[in-house]
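Values in this document were obtained by computation on a predicted structure and should not be read as measured data.
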Amino acid sequence: MVDATIEMANGVMIVTPKEVKFEPKDGDVVYLRSRFKHILIYKGTANGYLYSFADLIESRLDIDDNPVCYECEITKIRPSTEEEKKLLFDKLKEEGWEWDAEKKELVKLKWKPKEGGAFCRPYYNRIMFAPTKGMFNTGRDKSFLDKGWCFKTEEECQAFCDRLNDAINSVKP
């Protein structure tokens with residue numbers, strides 16, 4: 001059943017569906033047109049502004065808690081198509097983010113080196129853990145990647161090694 005108006009004109013029945021205004025809910029992926037084209041994950045409205053969890057403006061990803069636009073500037077808002085959702089989620093992944101629809105939050109993904117790329121990993125030298133360089137997909141270095149023990153910088157790896165060494169040193173024989 002569709003809410004519509006029905007009228008007769010010259011013996012012909014004319015059925016005109018009533019337009020239903022789309023009202024997005026928290027976490028909906030929507031297409032929005034204002035001064036720019038947006039594909040965004042709707043967060044809510046407050047004080048005349050529309051906010052998002054993530055906003056793909058043209059082809060630039062914006063992740064922050066700033067308002068997207070004034071509600072009065074919106075010329076069109078509708079649910080995103082599957083293609084539009086894919087554009088947004090692909091861009092999120094490219095930038096190291098993932099949308100958790102159940103928790104309604106963006107999750108920062110763990111950095112992962114590119115195939116054949118270098119990374120830092122912990123190395124145990126019989127006294128303590130220390131950072132060393134590794135190469136993705138070569139021998140045992142792949143196991144460090146599988147465990148999540150790969151880091152983009154030596155500083156990140158050193159912080160992890162420090163935590164490992166502290167844990168070892170806290171155990172008394």
Side-chain angles (χ1 to χ4, degrees), residues 24-32 34-47 49-70 79-173:
K25 294 183 285 309
D26 186 34
D28 284 350
V29 181
V30 301
Y31 170 88
L32 181 144
S34 61
R35 289 180 291 165
F36 302 100
K37 295 177 185 174
H38 302 260
I39 303 168
L40 57 88
I41 302 171
Y42 181 80
K43 189 172 190 174
T45 54
N47 302 323
Y49 288 102
L50 181 140
Y51 290 83
S52 71
F53 289 96
D55 182 14
L56 186 61
I57 309 164
E58 306 295 330
S59 61
R60 182 179 57 86
L61 187 63
D62 188 21
I63 298 174
D64 58 32
D65 205 21
N66 293 326
V68 173
C69 63
Y70 281 118
S80 292
T81 65
E82 291 305 314
E83 295 82 23
E84 290 165 342
K85 288 178 186 177
K86 184 174 177 1
L87 282 172
L88 175 61
F89 293 137
D90 286 350
K91 190 67 169 181
L92 280 169
K93 188 172 185 178
E94 179 184 314
E95 299 282 332
W97 293 93
E98 184 175 73
W99 173 243
D100 184 333
E102 194 172 295
K103 293 181 181 176
K104 291 190 172 78
E105 66 182 17
L106 288 170
V107 178
K108 185 75 173 155
L109 297 173
K110 176 120 172 79
W111 177 82
K112 182 177 171 184
K114 293 182 179 169
E115 185 78 26
F119 62 93
C120 291
R121 65 169 176 82
Y123 170 75
Y124 190 69
N125 62 13
R126 296 190 181 154
I127 299 171
M128 62 183 234
F129 280 96
T132 188
K133 297 284 184 195
M135 188 67 76
F136 175 51
N137 237 2
T138 59
R140 69 181 175 160
D141 286 349
K142 186 169 180 344
S143 69
F144 285 93
L145 180 74
D146 293 342
K147 287 185 224 171
W149 285 24
C150 58
F151 302 89
K152 192 173 188 175
T153 67
E154 191 169 329
E155 292 77 22
E156 291 171 326
C157 187
Q158 183 63 59
F160 181 70
C161 288
D162 291 346
R163 289 194 310 274
L164 289 172
N165 293 325
D166 289 345
I168 290 169
N169 291 333
S170 70
V171 176
K172 304 292 182 213

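- Partners of F36 under the ring pair (Phe, Tyr, Trp, His ring centres under 6.0 Å) rule, at least two apart in sequence or in another chain, do not exist in this structure.
- No more than 12 heavy atoms of other residues, nucleotides or ligands lie within 6.0 Å of NZ in K25, so this atom counts as exposed by the packing criterion.
- Heavy atoms from other residues, nucleotides or ligands lying under 6.0 Å from NZ of K103 number 12 at most.
- Remark: N47 CG is loosely packed, at most 12 non-hydrogen atoms of other residues, nucleotides or ligands lying under 6.0 Å away.
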Applying side chain to side chain contact (heavy atoms under 4.5 Å, CB included), run through D162 and Q158 and close with a yes or a no.
-> CA-CA 6 Å; D162 291 346; Q158 183 63 59; 2.7 Å; yes
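- Evaluation of the ring pair (Phe, Tyr, Trp, His ring centres under 6.0 Å) rule for Y51 yields no partner, not counting sequence neighbours.
- Residues E84 and P79 come closest through the heavy atom pair OE1-O, 4.5 Å.
- More than 12 non-hydrogen atoms from other residues, nucleotides or ligands lie less than 6.0 angstrom from CD of E58.
- Considering CG of L61 and CG of L88, their distance stands at 7.0 Å, rounded to 0.5 Å.
- Minimum interatomic distance between F151 and P122 (heavy atoms only, all atoms of both residues): CE1-CD, 4.4 Å.
- Residues passing the salt bridge (Lys or Arg N to Asp or Glu O under 4.0 Å) test with E83: none are found, sequence neighbours excluded.
- At least one cation-pi condition fails for K85 and Y31: the charged atom is not both under 6.0 angstrom from the six-membered ring centre and inside a 45 degree cone around its axis.
- Interatomic distance, D62 CG to E95 CD, rounded to the nearest 0.5 Å: 10.5 Å.
- Atom CZ of F89 and atom CD1 of I41 lie 5.0 Å apart (nearest 0.5 Å).
- In this structure the side chain of K108 reaches within 4.5 angstrom of the side chain of W97, judged on heavy atoms.
- Under the 3.5 Å distance criterion, the side-chain polar atoms of K104 are left unmatched by any main-chain donor or acceptor of K43.
- One distance of note links SG of C120 with CD of E155; it measures 8.0 Å at 0.5 Å rounding.
- Considering all non-hydrogen atoms of both residues, V30 and P24 come closest at CG1-CB, 3.9 Å.
- The distance from atom CZ of F160 to atom CG of N165, rounded to the nearest 0.5 Å, is 10.5 Å.
- For the pair T45 (side chain) and L50 (backbone), a donor-acceptor distance under 3.5 Å is absent.
- Side-chain N or O atoms of E98 include none that pairs as donor or acceptor with a backbone N or O of K93 at under 3.5 Å.
- Classified by interplanar angle (parallel below 30°, tilted 30° to 60°, perpendicular above 60°), the ring pair Y70/Y49 is parallel.
- A distance of 10.0 Å separates CD1 of I57 from CG of L32, quoted to the nearest 0.5 Å.
- Nearest heavy-atom pair, A54 versus I63, reported as atom, atom and distance to 0.1 Å: CB-CG1, 4.2 Å.
- Nearest approach of L106 to F53, heavy atoms of both residues: CD1-O, 3.1 Å.
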